Amino acid sequence: MNILGIESSCDETSVAIISEGKLLSNLISSQDIHKVFGGVVPELSSRAHLQMLLPLVKKSLNETGILPNQIDLVCATAGPGLIGALLVGLTFAKAFAYSIGKPFVPVNHIEGHIFSGFLMEEKPEFPYLCLVVSGGHTLLLLVEGDTEIKKLGSTIDDAAGEAFDKVSKMLGLGYPGGQKIQETAMNQRSDFVDFPIAQCKNEFDFSFSGLKTAVLRFIQKEYGDPAKIPIKDAALIAASFQKAAIEALIKKTEKAILKYKISSLSLVGGVAANELLRNEFKKLSIKYKKKLVIPSLQFCGDNAAMIAYRGSKLNEANIKYNLDFNAFPSMNDYSFIK
Amino acid sequence: MNKLFPILAIETSGQLCSVALMLNDKNFVEINFLQKNIHSEKIMEMIDTVIRSAKVEMKQLSRLAISVGPGSFTGLRIGLSAAKGLAFGAGLPIVPVPTFDAWAYQIAEFLPDKTKFNIIVSASIDDVYFATFEKVESNVKVRKELSLMNKNELSAYIKENEHCLGNFSIKERPTNNYGPSAAAIARWSYLFGKDLLTFDYDYLEPNYFKKFIAKVNR
């Protein structure tokens with residue numbers, strides 16, 4: 001069974017092929033064009049996807065020696081994400097599947113991340129606790145099976161990655177924020193400012209808006225103008241912010257470990273690339289003797305390998321989709337997360 | 001083995017989502033769906049319907065004809081993404097068809113000789129895509145090449161009693177506001193698209209025409 005996966009939900013065009021359960025190719029083309037704008041420009045992103053997609057599909061097939069008509073299943077991200085960007089990958093996937101007479105499976109991007117641990121040698125075991133942290137989402141989930149996912153908590157305002165991006169901008173560190181903050185905070189003491197950790201009504205929910213504002217207030221009070229922050233202080237603020245943000249994630253995760261019976265622990269999504277967060281998860285897994293699966297960096301960011309894997313599981317579960325399946329912008333439109 | 005037909009044509013540049021299968025120079029199947037934002041949902045079903053009703057298979061097609069604009073950026077990308085997926089899967093070439101030219105040709109069929117007419121399509125709040133044509137015998141002559149123009153400048157180019165088509169209406173003149181149908185795209189492709197036929201469509205993109213300017217926000 002040869003499975004083609006396509007991802008085009010934001011600023012990465014990615015194509016992957018899984019053959020007989022093995023990942024043979026996972027190509028990712030990142031769009032550098034957005035950097036100067038301090039965020040992704042949807043129209044530019046959509047244009048780039050249309051340019052990159054077919055060359056990547058051809059390259060992926062070439063690498064694996066598989067012919068177009070030897071593909072047995074075509075999977076593509078249908079949402080959540082930028083609609084214009086999603087439509088390019090989704091429409092191409094539907095058309096390609098149709099022309100080779102093979103089934104097409106739409107995949108929820110977040111569900112792609114949730115199961116991305118299965119792309120690793122050591123895989124998560126059901127039921128597992130999964131923390132999804134990305135630019136658009138922060139979710140704590142109890143994953144009991146391929147189609148049984150329970151939402152324990154989520155962010156009530158900003159996503160964790162969003163907070164990283166915004167604080168990075170405030171400190172003049174640039175975009176993408178997660179990477180810039182991590183680099184700047186490296187080897188800095190994190191007790192320069194004691195930023196607050198939000199308490200939410202639901203014990204597993206997150207909130208990062210208050211933290212973001214606390215950073216802004218601190219900058220305004222101490223320096224007046226963000227442009228006047230000394231480089232040394234910016235690094236200390238970044239480290240203090242990073243510590244507070246990660247502590248919030250870890251606290252809620254630890255609470256959930258204590259409450260639910262789980263076999264494994266998994267950390268996924270773009271922010272899972274953060275070293276400090278990875279280390280804290282390692283500590284948790286040792287403390288509570290749980291198997292830990294954190295995808296390697298190529299599977300943390302957006303990638304088509306996770307889309308192909310997720311699509312293959314939905315296909316195994318015998319779920320059928322029609323060609324009128326449309327792209328969707330938000331999480332709740334089509335999802336197995338209950 | 002350089003056969004002309006059947007041609008599968010796709011038109012998604014405006015509100016009309018249109019798919020046609022041209023069997024020969026006389027016979028065709030066409031499906032039109034005029035509604036905003038249904039293109040991505042309906043296009044593959046519509047393609048499947050024309051293919052099945054004509055009892056042909058994808059790999060029996062000679063080529064795809066795709067309307068490349070100008071028009072709605074997202075709409076055009078839906079059409080082009082579909083065309084690339086279909087063409088690559090079935091090993092077919094693509095003919096990129098200039099939307100206004102195919103449209104002018106379709107309109108001219110119904111006009112008397114020497115008629116002058118304009119096509120005007122909204123491009124933004126201030127601008128329109130504008131081209132003007134004349135029917136000369138059974139052909140269409142371009143009087144003014146496609147351009148992007150400020151709405152206020154239009155009146156200088158349009159004489160009274162000239163037909164205007166497109167989704168931008170001026171002075172309550174009758175307009176056909178939904179663009180060419182896919183059969184017109186197919187027809188243009190075999191009459192004039194011989195040199196545009198290509199297997200090299202990896203980087204094919206819509207005729208965006210208008211410059212896209214993103215502002216840096218600090």
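No experiment lies behind these values; they were computed from the predicted model shown. Note on naming: letters A, B, ... go to the chains in the order of the sequence lines (proteins, then strands), and numbering restarts at 1 for each one. Just the heavy atoms: all of them, side chains too, but no hydrogens, waters or symmetry mates, feed the values below.
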Under 4.5 Å heavy-atom distance to chain A, tell me which part of [X] shows up: side chain, backbone, both or neither.
X	result
B/T74	side chain
B/F73	side chain
B/L204	backbone

Specify which of [options] makes the most heavy-atom pairs with chain B at under 4.5 Å.
options	value
A/A95, A/A93, A/A97	A/A95
A/I83, A/L87, A/I71, A/V74	A/L87
A/M52, A/K102, A/Q51	A/Q51

**Request:** Sort out for me which of B/S81, B/S40, B/A83 touches chain A most, counting heavy-atom pairs under 4.5 Å.
**Result:** B/S81
**Prompt:** Among B/D48, B/L92, B/I51, who wins on heavy-atom pairs under 4.5 Å with chain A?
**Reply:** B/D48
Name every donor-acceptor pair, under 3.5 Å, that has one atom in a side chain of residues 54-61 of chain A and the other anywhere in the protein, sequence neighbours excluded.
| from | atom 1 | to | atom 2 | distance (Å) |
| --- | --- | --- | --- | --- |
| A/K58 | NZ | B/D202 | OD1 | 2.7 |
| A/K58 | NZ | B/D202 | OD2 | 3.3 |
| A/S60 | OG | A/S25 | OG | 2.8 |

**Atom of B/G85, atom of A/S99 and distance for their closest heavy-atom approach** = O-OG, 3.5 Å
**Donor-acceptor pair, side chain of A/K94 and main chain of B/I43, under 3.5 angstrom** = no
Taking atom [atom1] of [X] as the centre, does the number of heavy atoms from other residues, nucleotides or ligands within less than 6.0 Å exceed 12?
X	atom1	value
B/Y157	OH	no
B/D126	CG	yes
A/I231	CD1	no

If I take atom [atom1] from residue [X] and atom [atom2] from residue [Y], how far apart are they, to the nearest 0.5 angstrom?
X	Y	atom1	atom2	answer
A/L90	B/E41	CG	CD	11.0 Å
B/L86	A/F92	CG	CZ	9.5 Å
A/D324	B/M44	CG	CE	11.0 Å

**Message:** My understanding is that only one of A/V88, A/L53, A/L50, A/T91 makes a side-chain contact (heavy atoms from CB on, under 4.5 Å) with B/K84; could you say which?
**Reply:** A/L50
